[in-house]
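Take a look at the structure below.
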Amino acid sequence: MSHELPKAYDPGAIEARWAEYWVAEKLFHVSTPDSAKNIFDLLLPPPNVTGRLHMGHMLNQTEMDIIIRWHRMRGENTLWLPGTDHAGIATQMMVERQLATENKRRQDMGREKFIERVWEWKRHYGGAILDQMKRLGASVDWGREYFTMDENLSVAVKEVFVRLYEQGLIYRGKYIVNWCPRCMTAISDLEVVHEETQGKLYEIRYPIIGSKDYITVATTRPETMLGDTAIAVNPKDERYKTLIGRVVRVPLVNREVAIIADDWANPEFGTGAVKVTPAHDPNDFAIGQRHNLAQINIMDETAKLNENAGPYAGLDRYAARKKVLEDLEKEHLLGHVKEHMLSIGKCDRCKTVVEPRLSTQWFVKIAPLAKRAIEVVEKGHIKFTPENYKTIYLNWMNNIYDWCISRQLWWGHRIPAWHCADCKQDTVAREAPAKCAHCASAKIEQDTDVLDTWFSSALLPFTTFGWPKQTKDLEVFYPTSLLITGFDILFFWVARMIMMGCWFMGDENKLDSLNDAQREEKLKASVPFREVYIHALVRDADRQKMSKTKGNVIDPIEIIERFGTDAVRFTLASMAAPGTDIAFNEDRTEGYRAFANKIWNAARFIFMNMDKAQQSGAWTAAGFDPAETPDAKTLEDKWILSRFHAVTQALDESLKAYRFDEAANAVYRFFWNEFCDWYIEIVKLRLNAGESDSDKATTKTALTFTLHIFEGSLRLLSPFMPFITEEIWHAVYDGKPPAKSIALTRYPVADSKLVNSATEAEMALLQSFIVDVRTIRAEMKVENKLKTPVETQAKDGIRKTLEQNLNSIQKLANAESLTFTEKSLANAAGAKVSPHYEVRVVYEQKIDVAAERERLTKELKKLEAEKDSAQRQLSNEQFMAKAPEKVKEGIKRRAEELAGLIAKIQSALAGLPKA
RNA sequence: GGGCGGUUAGCUCAGCUGGUUAGAGCACCUGCCUUACAAGCAGGGGGUCGUAGGUUCGAGUCCUACACUGCCCA
């Protein structure tokens, strides 16, 4: 048998191979289980079909993969469901851009041809992101991959729409919506991003009819005056009280409109009088509703002015603004113009300035859905981590507005509503109707709009399992266990999934007719997921947001090619402290690449010893059983076993709490600083014991033990670093592994009986002894190769530990010999004192008296400060009366130790030759 | 304007219900190619925990104010 591994770890040489293997072998496929017991499942937040993998995806998927691999290895039935989102606007724009290069427009092609073209695009380019995901090692069930426009999901979308419509929770109406003139569609409030911008506040004078006076209003969008149908003042505003009810002339269009009283007018802002344009401003729209004002729409879907704007028709909104201002100036009706900071809304997708515009759209009446979505979170049926997102969620949910769900696009789920040309009413139906449901007219046509992409993704937790059919999948997999996602889609997606899930999986509008207990049970089972873990943003090393324009985007694929997927995954995990953004730092990744290399070389070392022992007949691989804990023979064995189980326990707790950072750091430190730095170094002595039969027996037990811990560590590490652990794990079994993948083995289970604090304390003493000797040698500048005699004064118990581990001390501290003495060594050259022993390196070299004095003085100062503080506490009556026994005892003990140490150091200082 | 966070070593961040000497990685300094690993080993330096008060026997940790800073919503 041979375990030939290259000296340095090369992730590129193995990762692609394992990634393909996991997919090809369908290792993570789950068939429908019989019961909902012992299931752990989660949904991949579906990336846009047009998407390319970015660092945020990688963080998200790394976290999900760690969690799902961990649960899988705990023997749970795990399902991680992948899919992609059809991403209405994004995809349509992408294909339109492609068409533009062929000098084509979708309008010329017609709807059907265009949609066919999008599907074609999707077949060619769509889902590239899923291939990138495979490269990350994501252990999803590829056999269950979905697309939000799949036939079955489309059926479910229609079903939801029809039911909500029938329940009065979807309505159509003419309202002010956010309109993107570039995308030529309405967008929801959430799709508008607000930006502080330097603009201007214009004052315009409106002549009052029957007087020579004017009323002056202030506005940031003067062109909208062409659609004014009133002027509003605050009824409490003394300045304007007498003007209420008077009529003014809207300049340029010469329409006569009334001055009305409305609380919305803020006396503090501008002149206190505001123009009212119900068709182009949401607040003005509301005023219009209250006062029954006319709505005059002056813009078309491209934000050019229309025929209602008279002479300005055909002008773009900004050209019209310029012209309107010029014309007002000419008529001497333009007042002060001043600089003004204002917040303007831009389209999330294309960054075009959004125009509030009156149009007919479909809306979801959100209050009944929100009410239940608030209840489940308040009652803890859905748990948020970090907890503060609960507050953010509830805050938003309590101030929610109706959701505009129609989009004037072609790509998406078409709204299942048909308008009647005769009676003007809508027929909403699952299947295309032949005639109007109201007047039986055959002159009906389907609504041309499609649904907001988030409408269908809000349904995924149940539609992907077969809803509206009552499938076995739905029964066992719903609710999903967990959702891991970024805060950026908390409202877009998370909140809406909760609303939709709790409604459709919670008896819809019939829930409240259940009795209390039944209702509670139903409600609890209706949630789309039991827990939500929300992660932060991945930023660049300088904490800047990554963006294409800044050019600071880190491509995950590029970075994994340089450092290896495992190293990048480990970086993200180790920095994923909840609530804080990750400043992605390559230095850190470099460190974890070194960690992978460390694991690799530990494997090389162990394999080398396995081969050697096998050749000498000291050991056979056949006898190795990972499930069996071998007897711990020595201090180092007992210690590493204790540490292994303690770390296993710590990992368990950290992962339960989604503390990826804690988990990663714990396993890192264990493997490197404990297993490699101490255990392997010590066990080398036994591995190289010799050729006699008893030596071979020693080697055998040592090797078995080392392998036991090492193999267990690979399993501990495997969720974090699936590639390197898979590769090495297969090599451990020399190509004949007990399972197809380390991912299908069991995660180590902590045995608290094997965690032994006395053993750990004893080892800590041995370590500090060795470190002290090393420190003295370093200070005395003893050549590395030169072994030096060591003298020590130690109490019996400690002496025993040192004696029993003499070999380790000799090897690790470069000690030639260890002699015990009764006399104090504190005054001797090359000595160091500790509470438990005094140690001295015997080395004939003149010490640097000045340096030694400085070192001792510094040490003394530190210890005295500590002792003072301890003494202060001990002489404080309040402290002695109130502090817990444990704390008091600890301080008392420490104070005694300090007194001893201080005396010794003082004496050593006194013994130094005068300078 | 409303809400939520952050401020700890040169940098990036931990520090769990207040308790004995505030930690890690990177960077830095010194010495080592010790046959697993120089992507390594050993040793070392570096912090008045944003500021000012308060609660407490005891505060990085709890409270208040302020400063700076980030994000979300309007």
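A note on names: the letters A, B, ... follow the listed sequences, proteins ahead of strands, and every chain is numbered from 1.
- With hydrogens and angles ignored, a donor-acceptor pair closer than 3.5 Å exists between the side chain of R894(A) and the base of U21(B).
- Of the candidate nucleotides C4(B), U21(B), U12(B), C4(B) has the atom lying nearest to any side-chain atom of T391(A).
- The distance between atom CG of N388(A) and atom P of G6(B), rounded to the nearest whole Å, is 8 Å.
- Using bins of under 30°, 30° to 60° and over 60° for the plane-to-plane angle, the ring pair F607(A)/F710(A) lands in the perpendicular bin.
- Nearest nucleotide to the side chain of R593(A), out of A39(B), C4(B), C72(B): A39(B).
- Two residues, D677(A) and N395(A), neighbour RNA chain B, and the one matched to the more 5' nucleotide by heavy-atom proximity is N395(A).
- For R643(A) and W672(A), the positive end is not near the middle of the six-membered ring at less than 6.0 Å and at most 45° from its axis.
- Across the C1' atoms, A22(B) and U8(B) are found 8 Å apart, a figure rounded to whole Å.
- Between the CD1 atom of I400(A) and the C1' atom of C73(B) there is a distance of 12 Å, given to the nearest Å.
- Nucleotides G60(B) and C4(B) have their P atoms positioned 26 Å apart, rounded to a whole Å.
- One interatomic measurement links the two molecules: CD1 of I534(A) to P of C71(B), which rounds to 18 Å at whole-angstrom precision.
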Applying side-chain contact (heavy atoms from CB on, under 4.5 Å), run through L707(A) and W619(A) and close with a yes or a no. CA-CA 12 Å; L707(A) 190 55; W619(A) 191 76; 3.7 Å; yes
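- Rounded to whole Å, the separation between the P atoms of G23(B) and G44(B) comes to 14 Å.
- The environment of E816(A) atom CD is dense: over 12 non-hydrogen atoms of other residues, nucleotides or ligands sit within 6.0 angstrom.
- Comparing U55(B) with C16(B), their C1' atoms sit 22 Å apart, to the nearest whole Å.
- Contact check on E681(A) versus K684(A) returns a salt bridge, with a Lys/Arg side-chain nitrogen under 4.0 Å from an Asp/Glu carboxylate oxygen.
- Residue K7(A) places at least one side-chain N or O under 4.0 Å from the OP1 or OP2 atom of A38(B).
- Spacing between atom CG of L572(A) and atom P of C13(B) amounts to 14 Å, rounded to whole angstrom units.
- Between W672(A) and C41(B) there is a side-chain polar atom (N or O) within less than 4.0 angstrom of OP1 or OP2.
- Residues A870(A) and E681(A) both approach RNA chain B. Their nearest nucleotides, taken by heavy-atom distance, put A870(A) toward the 5′ side.
- One can place CG of D581(A) at 9 Å from P of C71(B), the figure rounded to the nearest angstrom.
- Between D868(A) atom CG and U20(B) atom P the separation is 18 Å, expressed in whole Å.
- For R604(A), counting side-chain heavy atoms from C-beta on, the closest listed nucleotide (U21(B), A39(B), A36(B)) is A36(B).
- The side chain of R774(A) places an N or O atom within less than 4.0 Å of a non-bridging phosphate oxygen (OP1 or OP2) of G43(B).
- G45(B) and A59(B) have their C1' atoms separated by 28 Å, given to the nearest Å.
- Of the candidate nucleotides A39(B), A74(B), A36(B), A36(B) has the atom lying nearest to any side-chain atom of I680(A).
- The CD1 atom of I891(A) sits 5 Å away from the C1' atom of U20(B) (whole-angstrom rounding).
- Of the listed nucleotides (C71(B), A39(B), U12(B)), C71(B) has the atom at the smallest distance from the side chain of F487(A).
- Of the charged side-chain nitrogens involved, none lies within less than 4.0 Å of a carboxylate oxygen, so that E889(A) and K892(A) do not count as a salt-bridged pair.
- The side chain of V887(A) lies closest to G19(B) when the candidates are A36(B), U12(B), G19(B).
- F491(A) comes within 4.0 angstrom of sugar-phosphate atoms only, judged by non-hydrogen atoms across all strands, and of no base.
- In the set G25(B), C33(B), A39(B), the nucleotide with an atom closest to the side chain of K785(A) is C33(B).
- For A36(B), the OP1/OP2 oxygens have a side-chain nitrogen or oxygen of K684(A) closer than 4.0 Å.
- At the phosphate of G15(B), OP1 or OP2 sits under 4.0 Å from a side-chain N or O atom of R659(A).
- Checked against a 6.0 Å centroid threshold, the rings of Y389(A) and F384(A) do not count as neighbours.
- Here the side chain of N585(A) is nearest to one of A39(B), U12(B), G43(B), namely U12(B).
- Taking the C1' atom of each, C13(B) and G47(B) are spaced 14 Å apart, rounded to whole Å.
- The shortest distance between the side-chain N/O atoms of K858(A) and the OP1/OP2 oxygens of G46(B) is below 4.0 Å.
- As judged by a 4.0 angstrom heavy-atom cut-off over every strand, A583(A) is placed among residues touching the sugar-phosphate backbone only.
- No hydrogens or angles considered: a donor-acceptor pair under 3.5 Å links the side chains of S768(A) and Y837(A).
- Comparing the C1' positions of C49(B) and A9(B) gives a spacing of 10 Å, expressed to the nearest Å.
- The side chain of N784(A) sits closest to G31(B) out of G31(B), U21(B), C13(B).
- If you check every strand for non-hydrogen atoms under 4.0 Å, M575(A) touches sugar and phosphate atoms only.
- Of the N and O atoms on the side chains of H535(A) and E63(A), at least one donor lies less than 3.5 Å from an acceptor on the other residue.
- Rounding to whole angstrom units, CD of residue E866(A) and C1' of G19(B) are separated by 14 Å.
- Nearest nucleotide to the Q873(A) side chain, out of A74(B), C73(B), G19(B): G19(B).
- In summary, the side chains of E711(A) and W729(A) do present a donor paired with an acceptor at a separation below 3.5 Å, with no hydrogens or angles considered.
- Figure legend: cation-pi geometry between K598(A) and Y592(A) absent, as NZ or CZ is not positioned both under 6.0 Å from the six-membered ring centre and within 45° of its axis.
- Between C62(B) and A74(B), the two C1' atoms lie 33 Å apart (nearest whole Å).
- RNA chain B contains the following stems of three or more consecutive Watson-Crick or G-U pairs, with both distances under 3.5 Å: B:1-7 with B:67-73, B:10-13 with B:23-26, B:28-32 with B:40-44, B:50-54 with B:62-66.
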